[in-house]
Amino acid sequence: QVHLVESGGGLVQAGGSLRLSCAASGRAISSNVMGWFRQASGNGREFVAVISWSGGRTYYADSVKGRFTISRDNAKNTVYLQMNSLKPEDTAVYFCAADPSTGWGTSPADFGSWGQGTQVTVSS
């Protein structure tokens, strides 16, 4: 069982940047597709970005494409989400997750291990 811990959230003004980290422990995540999701108050969990085990393939939600970048460092067992040009509508709790299969999913149901989340608040 992999244990995921997100960090790096906080309060930022619109147009600003944040870098989220997701540190894994318990086992290596180097063979896992990893994803970032977010959940705004009163909403369901929403897909943000996904990255292949090697980092060579990524995919983003249209709402963040061109502003967010997902990356990973398998040597550090860590996944990152660089968020630039932040907007108030990006305000949410951000979660990282590990896909236990060999697929390429973007639904929360495709991911089996989740962190506790980190709050991102963007003020206007």
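Keep in mind it's a predicted model, so treat the numbers as computed, not measured.
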Is it the case that Asn32 and Arg27 place a side-chain donor and acceptor less than 3.5 Å from each other?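 Yes, side-chain donor-acceptor contact under 3.5 Å.
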[X] and [Y]: which non-hydrogen atoms are nearest, and at how many Å?
X	Y	value
Ser30	Asn77	N-OD1, 4.4 Å
Gly35	Phe111	N-CE2, 3.6 Å
Lys65	Asp62	NZ-OD1, 3.0 Å
Ala49	Leu81	CB-CD1, 4.4 Å
Thr91	Gln119	CG2-NE2, 4.0 Å

What verdict does the side-chain contact (heavy atoms from CB on, under 4.5 Å) test give for Arg38 and Val120, after you've listed the backbone C-alpha separation in whole Å, the side-chain angles of each residue and the deciding distance to 0.1 Å? CA-CA 9 Å; Arg38 66 187 181 186; Val120 171; over 6 Å; no
From [atom1] ([X]) to [atom2] ([Y]), nearest 0.5 Å:
X	Y	atom1	atom2	result
Asp73	Ile29	CG	CD1	9.5 Å
Glu89	Ser124	CD	OG	10.0 Å
Met34	Trp53	CE	CH2	15.0 Å
Gln82	Arg67	CD	CZ	12.0 Å

Evaluate the side-chain proximity of [Y] to [X]: yes if any heavy-atom separation is below 4.5 Å, no if none is.
X	Y	value
Val2	Ser113	yes
Leu4	Phe95	no
Glu46	Ser63	yes

Under a 4.5 Å side-chain heavy-atom rule over Ile, Leu, Val, Met, Phe, Trp and Tyr, are [X] and [Y] clustered together?
X	Y	result
Val79	Phe47	no
Leu86	Val48	yes
Trp36	Val93	no
Met83	Val50	no
Val33	Phe37	yes

Identify all side-chain donor-acceptor contacts of residues 11-23 below 3.5 Å with residues at least two apart in sequence or on another chain.
from: Ser17; atom 1: OG; to: Asn84; atom 2: OD1; distance (Å): 2.9

In sequence, state the C-alpha distance, the side-chain angles, and the governing distance for Thr58 and Phe68, and then conclude on side-chain contact (heavy atoms from CB on, under 4.5 Å). CA-CA 11 Å; Thr58 58; Phe68 291 11; over 6 Å; no
For [X] and [Y], indicate whether the former's side chain and the latter's backbone hold a donor-acceptor pair under 3.5 Å.
X	Y	value
Tyr60	Ile70	yes
Arg57	Ser52	no
Glu6	Cys96	yes

Would a line drawn from the ring center of Trp104 to the ring center of Tyr59 be shorter than 6.0 Å?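 So the answer is no for these two rings.
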